[in-house]
Structure formats: C-alpha cells, structure tokens
K.L.:
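What follows is a structure written as structure tokens; I'll ask about it next.
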Amino acid sequence: MSSNVVYAIVKAGGRQEKVSVGDVVVMNRVGGKVGETVNLTPLMLVDGDKVTTGADDLAKVTVTAEIVRAERGKKITIMKFKNKTGYRKRQGHRQELTRVKVTGIK
C-alpha cells in the first residue's frame, strides 16, 4: 500500500513531536514575535513509503513554523517538607510556552 502522507519528527523545545503541514504544536518558549517564522530541527522525515533518517539527508530538509502566540503552562505546586523539624516550603512554577503552526516541510 502506498500513501502520500508527509510528516516529520522534529525536535521542539527539548521534546520530539510528530508534525505535518497545518499542525499546531505547543513547545517550550522560543524567542520571537507573533507572526515570525522559526525553523525546527528534523530528526526523521516520512514521505509516503520513503523514510529519511540519515543526518546528511536531513540537513537538506527544512521544517518551518509560524509563531501563533506565547502562553504559560498549567501551574504546578512544589512542596518541601521535613519531618519533626517544622520545615515546610511551598513554591509554584508555570512553564513559558510557545504555540506554533507548521507551515512547510521541504
């Protein structure tokens, strides 16, 4: 069976994401303003039945994405506690995120 599905596995902010043209991906904060384009590093490209994983071949592939907006992730709470000493510490964290839309895989 042959199919003409094109997608790529890219490195997006410390994680790997499977993307195709038109997908919206949330990744760790990327510098840039809304509407600017960023290049994502491809790790694997699937073009129908052809799979590309070699570093030399992937150097020719470009995955471009447009910054949609900057976001902040869900708040997490970090609690530190030591028994019998009265030590308690509470800390919160919200991850800085960027929402991007994939515009091209070439």
Side-chain angles (χ1 to χ4, degrees):
M1 291 181 62
S2 76
S3 62
N4 50 2
V5 176
V6 178
Y7 66 89
I9 306 294
V10 296
K11 190 173 185 180
R15 294 184 310 218
Q16 294 179 7
E17 298 279 345
K18 176 183 173 184
V19 297
S20 57
V21 176
D23 286 353
V24 177
V25 179
V26 177
M27 54 193 266
N28 286 344
R29 180 61 56 96
V30 175
K33 296 184 174 139
V34 175
E36 290 183 0
T37 60
V38 293
N39 292 328
L40 303 175
T41 307
L43 302 175
M44 184 174 85
L45 175 69
V46 176
D47 188 3
D49 292 332
K50 183 180 170 191
V51 177
T52 305
T53 58
D56 296 334
D57 297 330
L58 288 175
K60 301 170 190 166
V61 176
T62 58
V63 178
T64 57
E66 179 183 349
I67 297 176
V68 177
R69 69 172 181 248
E71 299 180 351
R72 295 186 76 191
K74 182 181 169 188
K75 183 160 189 168
I76 61 169
T77 305
I78 299 107
M79 292 291 298
K80 295 183 180 179
F81 174 80
K82 291 188 180 177
N83 197 15
K84 300 178 185 174
T85 61
Y87 175 79
R88 279 183 246 157
K89 185 176 181 183
R90 190 176 97 199
Q91 181 180 3
H93 176 75
R94 289 184 74 181
Q95 185 67 38
E96 302 285 330
L97 302 171
T98 301
R99 185 176 296 264
V100 298
K101 181 176 182 180
V102 178
T103 56
I105 300 175
K106 297 178 181 137

K.L.:
Got a second to check how far Lys80's NZ is from Arg88's CZ, nearest 0.5 Å?
P.N.:
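Those atoms lie 15.5 Å apart.
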
K.L.:
Around Asn39, counting heavy atoms of other residues, nucleotides and ligands shown, do more than 12 lie under 6.0 Å from its CG?
P.N.:
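It does: Asn39 CG has more than 12 such atoms within range.
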
K.L.:
Tell me whether Val51 shares a hydrophobic cluster with Val5, the cluster being built from Ile, Leu, Val, Met, Phe, Trp, Tyr side chains joined at under 4.5 Å.
P.N.:
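Yes; Val5 is reachable from Val51 via cluster members.
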
K.L.:
Can you find a heavy atom in the side chain of Glu71 that is under 4.5 Å from one in the side chain of Arg69?
P.N.:
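Yes; the side chains approach each other to less than 4.5 Å.
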
K.L.:
Does the side chain of Thr64 pick up a donor-acceptor pair with the side chain of Thr103 at under 3.5 Å?
P.N.:
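The criterion, which ignores hydrogens and geometry beyond distance, is satisfied for Thr103 and Thr64.
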
K.L.:
Tracing side-chain links under 4.5 Å among I, L, V, M, F, W and Y, which residues wind up in one group with Val25?
P.N.:
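Members other than Val25 - counting any ILVMFWY side chain reachable under 4.5 Å - are Val6, Val10, Val19, Val21, Met27, Val30, Val38, Leu40, Leu45, Leu58, Val61, Val63, Ile67, Val100, Val102, Ile105.
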
K.L.:
Under 4.5 Å between side-chain heavy atoms, chaining through other members, with only Ile, Leu, Val, Met, Phe, Trp and Tyr counted: pull out the rest of the cluster around Ile78, sorted by chain and number.
P.N.:
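Traced through the cluster, Ile78 reaches Ile76.
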
K.L.:
OH of Tyr7 to CE of Met44: how many Å apart, nearest 0.5 Å?
P.N.:
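Tyr7 atom OH to Met44 atom CE measures 5.0 Å (nearest 0.5 Å).
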
K.L.:
Please find the pair of heavy atoms, one from Ala70 and one from Arg29, that lie closest to each other, and give the distance.
P.N.:
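Looks like CB-NH2, 3.6 Å.
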
K.L.:
For residues Arg72 and Leu97, report the shortest heavy-atom separation together with the two atoms involved.
P.N.:
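For Arg72 versus Leu97, the nearest heavy atoms are C-CD1, 4.3 Å.
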
K.L.:
Side chains of Leu43 and Gln16: does their closest heavy-atom pair fall under 4.5 Å?
P.N.:
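Sidechains of Gln16 and Leu43: in contact.
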
K.L.:
Give a yes or no on whether the backbone of Gly54 and the side-chain of Asp57 come within a donor-acceptor separation of less than 3.5 Å.
P.N.:
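Checked: no pair found.
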
K.L.:
So do the side chains of Phe81 and Met79 get within less than 4.5 Å of each other, counting heavy atoms only?
P.N.:
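Contact flag for Phe81/Met79 side chains = no.
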
K.L.:
How long is the span from the CZ atom in Arg90 to the OG1 atom in Thr77, to the nearest 0.5 Å?
P.N.:
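Spacing of CZ (Arg90) from OG1 (Thr77) equals 6.5 Å.
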
K.L.:
Using a 4.5 Å cut-off on heavy atoms from C-beta on, say whether the side chain of Asn28 contacts that of Glu96.
P.N.:
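Heavy-atom side-chain distance check fails, nothing below 4.5 Å.
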
K.L.:
Just checking, any donor-acceptor pair under 3.5 angstrom between side chains of His93 and Gln95?
P.N.:
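Side-chain D/A pair, His93 to Gln95: present.
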
K.L.:
Can you name the closest pair of heavy atoms from Arg99 and Val24 and give their distance?
P.N.:
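Of all heavy-atom pairs spanning Arg99 and Val24, the closest is CG-CG1, 3.4 Å.
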
K.L.:
For the residue pair Lys101 and Asp23, establish whether any side-chain heavy-atom pair is separated by less than 4.5 Å.
P.N.:
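In short, these two side chains do not touch, never coming nearer than 4.5 Å.
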
